[in-house]
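Below is one structure, written out as structure tokens, with a few remarks after it.
Naming convention: chains lettered A, B, ... in sequence-line order (proteins, then strands); numbering from 1 in each chain. Everything numeric here is computed off the predicted structure, so don't read it as measured data. When reading the values below, keep in mind they use all heavy atoms of this one structure, side chains included, and skip hydrogens, waters and symmetry mates.
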Amino acid sequence: MKINPKKLYEILKNEYGDPNWWPVDKKYHTQNRTDFRFEILIGAILTQNTAWSNVEKALMNLKKQKKLDIDNILEMETKEIGELIKPSGYFNQKAKRLKEFTSYIKNNYNSNLDTFFNRDIREIRKELLSLNGIGPETADSMILYAGNLPIFVVDAYTKRICARIPLETKLSYNEIQKFFQKELKKEEKDTEKILKIFNELHALIVYLAKDYCRKKPKCLKCPISKYCEYKKELF
DNA sequence: GTCCAGGGCCGTT
DNA sequence: AACGGCCATGGA
């Protein structure tokens, strides 16, 4: 049986419902008069090749010290940032990346995230990619989940699932992204709904990959197994 | 103890 | 262009 991105979305949506993504404690930001989008931007860097449970500990450390905003990040020495974000791993390079990214926003956009995101997506993306430590997935996560702008995020899970089904043979980041965006826009014209699908489908793919499409897959109960050619180890 | 997680950079081929 | 080594913590 054949499957496409829209069908995949419908099956996973039926399986998992509304994903809670990207998790942010908005009450914290309301009380402290900080921008919750900044937490998403920082989280996007902290979660690079790292379990979210570890990122939560790092974000919690920053919140406890009331350092989770642009000016307070920039006031800290890189070493001090590293101490707070240590649970998220790679803390030396991530501390440097956080500081570089944050100073970029302050210096070029006067710390105004509305100004930063209220532009052409391709411009935003190009700028993010020019910063050290921000690659395609981090940039696109920032644009989609902090900027609330329609771009499809590809990660290692998406590539794995595409290869196994198979959905798309060219497995480079850009090819997979183009494929999903084209296919999903083909079936849905409403901009708001496209944004919602981009937002949710990436999250749902992560769930699927964690529960079933693992490195050692659990195809037996996988919700898409009948659409997938990769059924080597049915246990 | 081993494996892996919501990647990206840099050097080598 | 593609690949390997490296970065680091914590949970399974």
Side-chain angles (χ1 to χ4, degrees), chain A residues 8-9 12 16 18-25 36-62 64 78-102 104 125-148 151-164 168-178 180 197-218 233 235:
Chain A
L8 177 64
Y9 171 72
L12 295 179
Y16 291 107
D18 295 339
N20 177 23
W21 208 268
W22 188 291
V24 173
D25 179 9
F36 77 92
R37 292 175 296 182
F38 188 67
E39 177 173 341
I40 298 177
L41 296 167
I42 295 306
I45 292 174
L46 292 179
T47 197
Q48 291 169 348
N49 199 38
T50 299
W52 184 255
S53 57
N54 285 1
V55 177
E56 283 182 316
K57 300 183 203 315
L59 288 172
M60 190 55 67
N61 288 341
L62 291 168
K64 274 191 295 193
T78 306
K79 197 167 178 182
E80 188 182 351
I81 301 175
E83 286 302 315
L84 293 176
I85 67 168
K86 187 168 283 186
S88 73
Y90 309 131
F91 54 87
N92 288 316
Q93 39 174 293
K94 282 178 180 174
K96 198 173 160 194
R97 289 172 183 184
L98 291 188
K99 210 166 176 181
E100 280 189 28
F101 169 73
T102 305
Y104 182 82
R125 190 172 197 266
K126 200 189 338 176
E127 270 182 26
L128 288 171
L129 291 178
S130 75
L131 301 178
N132 188 279
I134 299 185
E137 187 187 338
T138 306
D140 291 340
S141 296
M142 288 172 160
I143 292 169
L144 178 60
Y145 293 109
N148 205 33
I151 197 162
F152 189 76
V153 177
V154 177
D155 61 1
Y157 294 143
T158 315
K159 289 183 183 176
R160 181 196 295 164
I161 291 168
C162 278
R164 283 178 175 173
E168 165 66 41
T169 47
K170 285 174 276 186
L171 292 175
S172 72
Y173 190 100
N174 290 326
E175 291 295 341
I176 293 181
Q177 182 177 57
K178 268 197 299 183
F180 272 86
I197 293 173
F198 284 4
N199 184 315
E200 294 186 344
L201 181 54
H202 171 64
L204 292 166
I205 284 174
V206 174
Y207 293 161
L208 178 73
K210 284 183 169 176
D211 292 344
Y212 304 102
C213 206
R214 307 176 177 181
K215 264 195 172 176
K216 293 181 69 166
K218 296 181 173 250
E233 303 168 62
F235 61 91

Worksheet item: How is A/I45 classified with respect to the nucleic acid when contacts are heavy atoms under 4.0 Å: base, sugar-phosphate, or nothing?
Response: nothing
Worksheet item: Any donor-acceptor pair under 3.5 Å linking the side chain of A/Y173 with the backbone of A/V154?
Response: yes
Fill in: Parallel, tilted or perpendicular: rings of A/Y145 and A/W22 (30°, 60°)
tilted
Worksheet item: Between which nucleotides of DNA chain B, read 5' to 3', does contact with chain A run, using atoms under 4.0 Å from its heavy atoms?
Response: B/dC4 to B/dC10
Discussion item. Let's see if you get this right: which residues in residues 78-94 of chain A place a heavy atom under 4.0 Å from DNA chain B?
Written reply: A/Y90, A/Q93
Worksheet item: Is the backbone of A/G133 close enough, under 3.5 Å, to the side chain of A/Q48 for a donor and an acceptor to pair up by distance?
Response: yes
Worksheet item: For DNA chain C, whose closest nucleotide is more 5', that of A/K57 or that of A/T50?
Response: A/T50
Fill in: Lys/Arg-Asp/Glu bridge criterion (N-O < 4.0 Å) met for A/D140, A/R125
yes
Worksheet item: From the 5' end of DNA chain C to its 3' end, which nucleotides mark the outer limits of contact with chain A, defined by a 4.0 Å heavy-atom distance cut-off (strictly under)?
Response: C/dC7 to C/dG11
Discussion item. Test: salt bridge (Lys or Arg N to Asp or Glu O under 4.0 Å). Region: residues 51-60 of chain A. Which pairs qualify, not counting sequence neighbours?
Written reply: none
Item to complete: Just jot down the side chain to side chain donor-acceptor pair (under 3.5 Å) partners of A/E200, sequence neighbours excluded, or say none.
Response: A/Y9, A/K13, A/K196
Worksheet item: Between A/Y16 and A/Y207, what is the ring plane arrangement, given parallel below 30°, perpendicular above 60°, and tilted in between?
Response: tilted
Scan the side chains in residues 78-86 of chain A for donor-acceptor partners under 3.5 Å anywhere in the protein, sequence neighbours excluded, and list what turns up.
none

